[in-house]
Amino acid sequence: MLTDIQEVLFTPEQISERVAQMGEAITRDYAPRVEAGEGVVMMCVLRGAAIFMADLARAVRLPLEMDYMAVSSYGAAAKSSGIVRINKDLSGSIQGKHLIIAEDIIDSGLTLNYLRKNLASRNPLSIEVAAMLRKDIPREQDVECKYLGFECPDEFVVGYGLDFAERYRNLSSIGVLKPEVYE
Ligand code: IMP
Ligand code: MG
């Protein structure tokens with residue numbers, strides 16, 4: 001797999017250090033709410049955020065519900081179609097609970113803005129986003145993200161859950177895919 005990687009952007013050590021910091025920030029911010037008896041749900045946007053959420057959830061020192069939603073926006077292509085489809089909805093209710101959306105990467109932001117709108121209509125107490133990566137590009141619409149791992153260059157990246165055509169998700173680093181692999 002590594003032979004298809006042009007450049008490693010983030011090593012496993014860098015990733016785990018950053019995820020630990022994000023977990024600490026979430027713990028600090030949500031501890032008073034948990035103490036007040038309010039519930040917290042961390043939801044994973046499948047499939048890309050599965051590995052990130054597994055690590056992030058364990059870095060949070062508070063009771064959490066974990067739930068999963070599957071959406072597709074890209075198919076097997078490397079460019080956003082702008083179409084977001086829900087393939088699997090949450091199993092539980094988020095009404096009256098705090099929701100943290102764990103996302104792998106914010107590119108155009110279309111996926112998250114769609115999800116935020118959809119989830120807000122279910123009356124959670126609050127919604128925040130924890131994203132591992134955000135591409136450093138100008139965007140038409142703002143995308144709110146309270147907890148961010150890293151900014152990354154505007155290239156196609158894989159690893160740590162991110163795929164190209166369902167490959168490379170199990171790479172433990174995050175790297176730029178060689179363009180000849182997807183061109
Ligand atoms: P957005 O709607 O354009 O923000 O795209 C978000 C989704 O597209 C992410 O959750 C990823 O699943 C996928 N995606 C965007 N950029 C990349 C990339 O560089 N590598 C792998 N997947 C990506
Ligand atoms: Mg995704």
Side-chain angles (χ1 to χ4, degrees), residues 1-12 14-15 18-19 22 41-57 66-90 94 99-121 127-183:
M1 282 195 296
L2 269 171
T3 57
D4 293 344
I5 300 300
Q6 175 175 286
E7 185 196 350
V8 172
L9 295 176
F10 306 106
T11 64
Q14 289 172 312
I15 294 169
R18 190 73 193 110
V19 171
M22 295 170 83
V41 180
M42 187 179 278
M43 65 155 268
C44 170
V45 186
L46 292 172
R47 288 174 262 181
I51 291 178
F52 169 53
M53 182 163 103
D55 286 344
L56 182 64
M66 291 164 75
D67 208 341
Y68 304 84
M69 193 161 172
V71 301
S72 52
S73 59
Y74 271 29
K79 270 207 155 172
S80 182
S81 63
I83 299 161
V84 179
R85 198 177 60 200
I86 296 183
N87 298 322
K88 180 214 168 296
D89 208 338
L90 296 176
I94 56 169
L99 180 68
I100 302 170
I101 305 176
E103 176 60 307
D104 51 1
I105 185 167
I106 301 172
D107 186 7
S108 68
L110 284 168
T111 308
L112 265 182
N113 282 345
Y114 168 84
L115 276 178
R116 210 182 243 284
K117 232 180 272 166
N118 179 296
L119 293 161
S121 72
I127 301 181
E128 295 294 354
V129 171
M132 188 61 218
L133 298 169
R134 182 171 62 201
K135 286 195 183 169
D136 188 11
I137 51 168
R139 289 186 186 80
E140 284 167 36
Q141 296 177 23
D142 255 14
V143 191
E144 274 183 68
C145 174
K146 183 150 188 187
Y147 308 99
L148 178 67
F150 303 103
E151 291 276 358
C152 78
D154 186 17
E155 288 181 274
F156 201 81
V157 298
V158 295
Y160 197 63
L162 287 157
D163 74 310
F164 171 66
E166 294 311 320
R167 291 188 61 203
Y168 312 103
R169 291 194 197 274
N170 59 325
L171 261 182
S172 38
S173 46
I174 296 172
V176 178
L177 196 59
K178 285 182 181 164
E180 60 257 37
V181 178
Y182 59 81
E183 265 163 9

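Both ligands and their constituent atoms are indexed starting at 1 by order of listing. What you are looking at is a predicted structure, and each value in this text was computed from that prediction instead of being measured.
- Not a single donor-acceptor pair under 3.5 Å links the side chain of K135 to the backbone N or O of S108.
- Between the side chain of R18 and the backbone N or O of L148 there is at least one donor-acceptor pair closer than 3.5 Å.
- Residue R47 places no heavy atom under 4.0 Å from ligand 1.
- Counted within 6.0 Å of CD on E144, heavy atoms from surrounding residues, nucleotides or ligands total 12 or fewer; the atom is thus considered open.
- Residue K135 approaches ligand 1 through these ligand atoms, each under 4.0 Å from one of its heavy atoms: 16 (N), 17 (C), 18 (C), 19 (O).
- Nearest heavy atom pair, residue I127 against residue R116, reads O-NH1, 3.5 Å.
- A pairwise comparison of heavy atoms in V143 and G109 identifies CG2-CA, 3.6 Å as the closest pair.
- F150 and F10 have parallel rings, their planes meeting at less than 30° on a 0 to 90° scale where 60° marks the start of perpendicular.
- Counting heavy atoms under 4.0 Å from ligand 1, residue E155 touches it through the backbone alone.
- Atoms of ligand 1 found under 4.0 Å from any heavy atom of E103 (numbered from 1 in listed order, with element): 10 (O).
- Shown in contact with T111 at under 4.0 Å from a heavy atom are these atoms of ligand 1, numbered in order with element: 1 (P), 2 (O), 5 (O), 6 (C).
- Contacts with ligand 1 closer than 4.0 Å are made by backbone heavy atoms (N, CA, C, O) of D163 only, the side chain lying farther away.
- Every atom of ligand 1 is numbered from 1 in the order shown, and the set under 4.0 Å from a heavy atom of I105 is 6 (C), 9 (C), 10 (O), 11 (C), 14 (N), 15 (C), 16 (N), 17 (C), 23 (C).
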| request: Would you sort out whether I15 and M132 count as a side-chain contact (heavy atoms from CB on, under 4.5 Å), showing the intermediate values? | output: CA-CA 9 Å; I15 294 169; M132 188 61 218; 3.9 Å; yes

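- Geometrically, ligand 1 and V158 share no nitrogen or oxygen pair separated by less than 3.5 Å.
- No more than 12 heavy atoms of other residues, nucleotides or ligands shown are found within 6.0 angstrom of CD on E140.
- Within the structure, ligand 1 lacks G48 among the residues with a heavy atom less than 4.0 angstrom away.
- Nearest to atom 9 (C) of ligand 1 by heavy-atom distance, out of I137, D104, L46, V45, is D104.
- Every atom of ligand 1 with a heavy atom of F156 under 4.0 Å away is listed here by number and element: 17 (C), 18 (C), 19 (O), 20 (N), 21 (C), 22 (N).
- With a heavy-atom cut-off of 4.0 Å, L162 touches ligand 1 through its side chain alone.
- Below 4.0 Å from some heavy atom of L110 lie the following atoms of ligand 1, by number and element: 2 (O), 4 (O).
- Looking at R139, its side chain does come within 3.5 Å of a backbone N or O of D107 through a donor-acceptor pair.
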